[in-house]
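Report on one structure; see the data block that follows.
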Amino acid sequence: MKRFGAGFALSVFAGLAQAGLTGSVAAEVAPQVSARPVPRPAVSPPNEASFATEAGAFDGWITAFRPRAEAAGITPATLDAALAGAVFDADVLRRDSSQAEFTKTLWDYLDSAVSDLRVQNGRAALAEHDALLRQIEARYGVDRQVVVAIWGLESAYGTFRGTKPIIGSLATLASSSRRAAFFETQLIDALRILQNGDTSPDQMTGSWAGAMGHTQFMPGSFLALAVDWTGDGRRDIWSDDPADALASTAHYLAENGWTRGQPWGVEVTLPQGFDYAQADRGIEKPLADWAALGVVPVTPVPEEAGPAALLLPAGHRGVALLVFGNFAVLERYNTADAYVIGVGHLSDRILGAEPFQGGWPQDDRALTYDERVEMQTLLQQAGFDPQGIDGRIGPKTIDAVRAWQQSTGHVPDGYASLRVLEGLR
């Protein structure tokens with residue numbers, strides 16, 4: 001979740017997003033959960049022969065890694081205990097290689113992320129852990145239903161926390177992946193966690209990409225922001241008791257500037273003839289100013305909620321949202337707008353809100369990575385520079401799409417759709 005305000009630049013998932021990965025355990029093993037639609041770099045298809053070669057070199061890599069880990073402060077005893085059971089895992093590399101092929105529309109994602117079952121289970125989790133969540137909310141000032149929603153999306157409320165040995169997964173990725181430097185840093189951080197005594201190597205399990213526990217912290221984020229809520233001397237996000245994990249998540253959001261009681265966003269209706277150039281995250285207005293433009297919230301929002309920006313996540317034919325400062329805070333947890341909307345909408349539904357009232361462009365589909373690269377290339381060639389050909393639809397690409405739309409008489413909503421690509425072609 002991003003484009004935010006104050007707080008730590010370190011994100012629970014920022015490292016994964018920068019590395020071109022998503023790591024939700026629920027996305028791996030729970031049918032009701034979908035992987036996040038974050039654009040990723042192109043990758044070569046899995047090569048079983050190369051996996052065999054890498055497996056053969058793994059022991060040599062471990063030997064070369066030990067001095068680097070010791071130089072970073074990891075003791076020989078910690079290394080002996082942690083690396084004794086570490087084995088090369090070709091499945092981790094297969095998952096890493098397959099990430100670039102994933103595409104999903106926002107509305108398909110929300111069908112699973114905010115399914116009736118997930119809403120029902122979220123309400124049950126909120127009730128079951130009411131006392132704990134209220135205490136966490138009182139200490140950190142983070143709305144408890146938001147913490148529960150993150151828990152629901154990351155591990156289906158603790159049901160799917162991941163079974164991959166973290167040390168083995170990170171060592172495999174550090175030794176063989178195209179993001180070796182990132183994963184070696186995370187591996188050393190994981191070793192620090194073991195050295196600190198928060199958990200043991202056999203208990204340190206999670207997703208293939210190294211995310212751990214009920215709310216899927218990466219090791220570096222764990223070191224920075226995890227807390228020992230239970231007071232037992234360990235920051236235990238892995239056990240059946242979710243207290244440390246839920247408190248750590250609230251602490252993370254608080255340190256990134258969460259405003260208690262402020263909406264993450266609210267659905268709005270737009271008037272006929274609306275100036276869609278106003279749908280820009282860089283344009284924030286008080287609610288009264290949006291109201292003067294005919295932008296009407298579907299549910300009441302107090303004026304003290306603060307300024308908001310208009311977001312059209314599926315263009316002018318989809319749901320329209322006013323998003324507030326807390327939207328940017330959630331982006332610190334995961335940079336994908338789809339994820340932020342999923343968490344926000346799930347948190348609202350858990351408290352009894354209705355589904356989104358607006359429709360979606362159901363005849364549209366998500367662009368593949370290659371199509372996103374083609375769109376950026378064609379925009380650049382047409383004189384609308386997206387300032388980078390990377391397959392990522394960020395603010396610069398959105399601005400370029402909007403400029404092209406304005407120049408060709410299309411609705412300038414900045415939505416990078418298949419229709420835009422076909423028009424550019």
Side-chain angles (χ1 to χ4, degrees), residues 1-14 17 36-38 106-107 109-110 113-114 140-154 215 249-250 252-270 278-287 289-290 295 297-315 318-351 353 355-356 358 392-395 398-399 413-415:
M1 321 177 121
K2 56 245 41 101
R3 295 189 289 272
F4 339 15
F8 284 81
L10 178 65
S11 168
V12 174
F13 273 96
R36 298 172 201 134
V38 181
L106 172 59
W107 47 97
Y109 172 77
L110 292 176
V114 195
Y140 296 113
V142 176
D143 304 79
R144 59 191 181 279
Q145 72 275 10
V146 173
V147 174
V148 171
I150 290 174
W151 188 22
L153 286 190
E154 296 300 346
T215 52
T249 299
Y252 178 87
L253 295 177
E255 289 296 327
N256 278 282
W258 185 265
T259 300
R260 185 176 183 177
Q262 182 188 73
W264 66 274
V266 61
E267 185 180 3
V268 294
T269 59
L270 305 178
Q278 298 294 311
D280 187 324
R281 286 290 299 279
I283 300 175
E284 294 187 338
K285 304 176 187 289
L287 289 175
D289 290 0
W290 286 116
V295 178
V298 170
T299 56
V301 182
E303 187 64 36
E304 57 268 25
L310 182 63
L311 178 65
L312 303 176
V319 169
L321 303 167
L322 282 181
V323 297
F324 299 84
N326 280 343
F327 187 97
V329 177
L330 286 173
E331 284 180 308
R332 294 286 189 183
Y333 210 91
N334 183 301
T335 57
D337 282 353
Y339 178 87
V340 179
I341 294 167
V343 166
H345 190 43
L346 178 58
S347 70
D348 291 343
R349 293 291 311 282
I350 287 171
L351 288 189
F356 287 132
R392 298 175 182 270
I393 307 301
I398 291 171
D399 289 345
D413 58 12
Y415 180 46

side-chain hydrogen bond (donor to acceptor under 3.5 Å, both in side chains) filter on Asp413, not counting sequence neighbours, yields His316, Gln405
What is the distance from atom CH2 of Trp151 to atom CG of Leu346, rounded to the nearest 0.5 Å? 12.5 Å
Which value, rounded to the nearest 0.5 Å, describes the distance between Leu310 atom CG and Trp290 atom CH2? 5.0 Å
Where does the angle between the aromatic ring planes of Tyr339 and Tyr333 fall among parallel (under 30°), tilted (30 to 60°) and perpendicular (over 60°)? parallel
Would you check if the side chain of Asn326 reaches a backbone N or O of Thr259 as a donor-acceptor pair within less than 3.5 Å? yes
Is it the case that the side chain of Trp264 and the backbone of Gly344 share a donor-acceptor pair, with hydrogens and angles ignored and the cut-off at 3.5 Å? yes
pair Thr299-Asp348: side-chain heavy atoms closer than 4.5 Å: no
Which heavy-atom pair separates Leu312 from Ala279 by the least distance, and what is that distance? CD1-CB, 3.5 Å
With a 4.5 Å limit on heavy-atom distance, are the side chains of His345 and Leu321 in contact? no
Contacts of type side-chain hydrogen bond (donor to acceptor under 3.5 Å, both in side chains), residue Trp107, not counting sequence neighbours: Thr105, Gln362
Looking at Gly342 and Leu153, what are the two nearest heavy atoms and their distance? C-CD1, 3.9 Å
Just by modelled atom types, is the Val298 backbone N or O under 3.5 Å from a matching donor or acceptor in the Glu267 side chain? no
Can you give me the closest heavy-atom contact between Pro313 and Val319, atom names plus distance? CD-O, 3.3 Å
So, do Val340 and Val323 sit near enough that their side-chain heavy atoms are less than 4.5 Å apart? no
One should read off an interatomic distance between Asp337 CG and Arg281 CZ, to the nearest 0.5 angstrom, of 6.0 Å
Test item: Glu284 side-chain N/O and Ala309 main-chain N/O as donor-acceptor pair under 3.5 Å: no
Pair Trp258, Val146 - check side chain to side chain contact (heavy atoms under 4.5 Å, CB included), show working. CA-CA 11 Å; Trp258 185 265; Val146 173; 3.8 Å; yes
Nearest heavy atoms of Ala308 and Phe324, plus distance in Å: CB-CE2, 3.6 Å
Do Phe327 and Leu311 make a side-chain contact, defined as non-hydrogen atoms from C-beta onward lying under 4.5 Å apart? yes
Under 4.5 Å between any side-chain heavy atoms of Asp399 and Asp280, yes or no? yes
4.5 Å side-chain heavy-atom contact, Leu287 and Leu322: yes
Identify the heavy atoms of Ala305 and Gln262 that sit nearest to each other, and give their distance. O-NE2, 2.8 Å
Val266 versus Pro297: any side-chain heavy-atom pair under 4.5 Å? yes
With a 4.5 Å limit on heavy-atom distance, are the side chains of Phe356 and Val114 in contact? no
So, the side chain of Asp143 versus the backbone of Gln145: is there a donor-acceptor pair under 3.5 Å, distance only? no
